[in-house]
Amino acid sequence: MTRRTIGELRSQRWYASDDMRGFAHRQRTQQMGMRREEFLKKPVVAIINTWSDLSPCHSHLRDRAEAVKRGVWQAGGYPVELPALSVGEVMVKPTTMLYRNFLAMETEELLRSHPIDGVVLLGGCDKSTPGLLMGAISMDLPAIYCPAGPMSNGQWRGQKTGAGTHTKKYWDELRAGNITQADWVDLESRMTRSIGTCNTMGTASTMTSIVDAMGLTLPGASSIPAADSGHPRMASACGERIVEMIWDDLTLSKVLDRRSFQNGLVAYMALGGSTNAAVHLIAMARRAGVYLTLDEMSDMAGKVPVCANLFPSGEYLMEDFYFAGGLPALLKKLEAYLALDAATVSGRTLGESLVDAPCWNDDVIRGPDNPVVPLSRGKTLAVLRGNLAPNGAVMKSSAANPKFLKHVGPAIVFDSPAEMNRQIDDPSLDITEDSVIVLRNAGPVGAPGMPEWGNLPIPKKLLKQGVRDMVRICDGRMSGTHYGTCILHVAPEAAVGGPLGLLKTGDLVELDVEAGRLDMRVDADELERRRAAWKPTAPVYGRSFAALYQRHVSQADQGCDFDFLSTPGPVVEPAIF
């Protein structure tokens, strides 16, 4: 590989000229206390940092940015830290999904408008991974992803507790009267023990593991716990590596192709990952010029069983996964499914990076011959279609009660979370375990932003009877840490005229996961009458980013990207005069 010279680097358009503009750029850099020798004739590395005081999963990224800088300085580069929108899932309302595309736009424009030769992306919580990478893919500079890392294991009264998964579990037990309010308060400080993202196989670790398998991180980086001393060392190594990538002109378009996404899908299915990844992978792939579909995901889910014994599908947490060998150990056991010749940001192929990838605990990290959930029991991602979801809906059948995988029941329909919350625990509500709870107007346009409202609550009176799962349907999403027979991402959504908006309480809903069907037993003539009478709800947003989002977002099966950003195209460099 031919290494580039300093004059070929993008940053030199800003720094190398002898005109007034070049003088001003050098002058203002020195204004910040930099010596000319510290930044001239060096590759400029952006560190896009999603740190925030209201993003607990990212609370350590300010320190990790300093570690990245150490690596950049050591390799002879000039690091510059650029803050970006922090999409921490817990605090941002109605959902960080509303702002994933905002972060993608910000990332692309930060890189485009500044003298940047390459970038280290710092993120981890759910939407930060796809948002940062969507923007970086579109900009197509050398880039490496530095994941925030999962938090340390939690434990409560001798029991492993995973963030998110056990929050939902114990909330149901509180509502059922099986734990006390004092127990609930005690749990608050026990379940999230350290910095880092959720310690279950929720959306955060699903996405960071997928991009690790795709070759966009240093090998195995996604598995390192945030509080481990190896984490800042990994961050420093990212800084060192990006400088080499800049000299080698190893841009993302030279790393990403269909093989990369195939490898990401293999990891996704074997991990028992979050249903949210289906939306993000489609969006990322299309930015890279790869047309990825739900059907391709379904095909891979039918080949690769759940092999990682992690909550919510299994018994362990991310720290256990790391000590068992982490993602490289899992991928090593899945080599038969992988495109081992795929490129990675390490400069090696995926296969070369897995040569030395031992597994230290075969119960935590299993192979396809001893899966946590065999394919006969369920899949990481089941895709459903029918007259309720013509363009598709998804569910994690591996986390569902098997008795509901083929089911017919009457619908109980709610038009909003507020309506549902008012009625769901009413003792007079006509609902049984066989009913199908439906929440609509929770999709990309309807909510807007497709919030994680899809793990719909089970009525208190049924919880007291011992019911812990029911068939639930939503055109929104569900937290990756959750579980149950939840059908999500129904497309097209109700708010844009999808058939979910025509469903009425009392209509029979038929689910057949094996056949890939989701239907309402309503005849075609009646559906036409309902369609003629249907009226869209008035848009809530007349201005703001949410208004832009509602006008330009695609549906879930298309990745929920903006129509003007979702395809690759030439990067127009800014004019400098």
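Here, residue 1 is the first one in the sequence, and each next residue gets the next number.
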Student: If you measure from the Lys or Arg side-chain nitrogens to the Asp or Glu carboxylate oxygens, is any gap between K460 and D426 under 4.0 Å?
Tutor: no

Student: Answer yes if the side chains of D63 and W51 hold a donor-acceptor pair under 3.5 Å, and no otherwise.
Tutor: no

Student: Indicate yes or no: does K406 engage E514 in a salt bridge with an N to O separation below 4.0 Å.
Tutor: no

Student: Considering only residues two or more places apart or on different chains, which pairs with a residue in residues 258-270 satisfy salt bridge (Lys or Arg N to Asp or Glu O under 4.0 Å)?
Tutor: D257-R259, R258-E296, R259-D341

Student: Quick one: does K396's side chain get under 4.5 Å of S313's, heavy atoms only?
Tutor: yes

Student: Looking at residues at least two apart in the chain, or sitting in another chain, which of them share a ring-ring contact (aromatic ring centres under 6.0 Å, His included) with Y549?
Tutor: F562

Student: For atom CH2 of W184, decide whether the heavy atoms of other residues, nucleotides or ligands shown that lie under 6.0 angstrom number more than 12.
Tutor: yes

Student: Filter on ring-ring contact (aromatic ring centres under 6.0 Å, His included), then keep only pairs touching residues 392-411, sequence neighbours left out; what's left?
Tutor: F404-H407

Student: May I have all residue pairs that pass salt bridge (Lys or Arg N to Asp or Glu O under 4.0 Å) and include part of residues 359-372, sequence neighbours excluded?
Tutor: K333-D362, D363-R366

Student: Under a 4.0 Å threshold between the charged nitrogen and the carboxylate oxygen, would D299 count as salt-bridged to K303?
Tutor: no

Student: If you look only at pairs with a residue in residues 449-494, which of them pass as a ring-ring contact (aromatic ring centres under 6.0 Å, His included), with sequence neighbours excluded?
Tutor: none

Student: Does the pair E433/R472 count as a salt bridge with the N-to-O cut at 4.0 Å?
Tutor: no

Student: Decide, yes or no, whether a salt bridge links D469 with K403 under the criterion of side-chain N to carboxylate O below 4.0 Å.
Tutor: no

Student: Which of parallel (below 30°), tilted (30 to 60°) and perpendicular (above 60°) describes W156 and Y170?
Tutor: perpendicular

Student: Which of these, S222, S223, P150, sits in a side-chain contact (heavy atoms from CB on, under 4.5 Å) with Y322?
Tutor: S223

Student: Could you tell me whether R440 and D415 have a side-chain N and a carboxylate O separated by less than 4.0 Å?
Tutor: yes

Student: Can you name the residues that form a side-chain contact (heavy atoms from CB on, under 4.5 Å) with E188, not counting sequence neighbours?
Tutor: none

Student: Does a side-chain N-to-carboxylate-O contact under 4.0 Å join E173 and K168?
Tutor: no

Student: Less than 4.0 Å between a side-chain N and a carboxylate O, is that true for D425 and K461?
Tutor: no

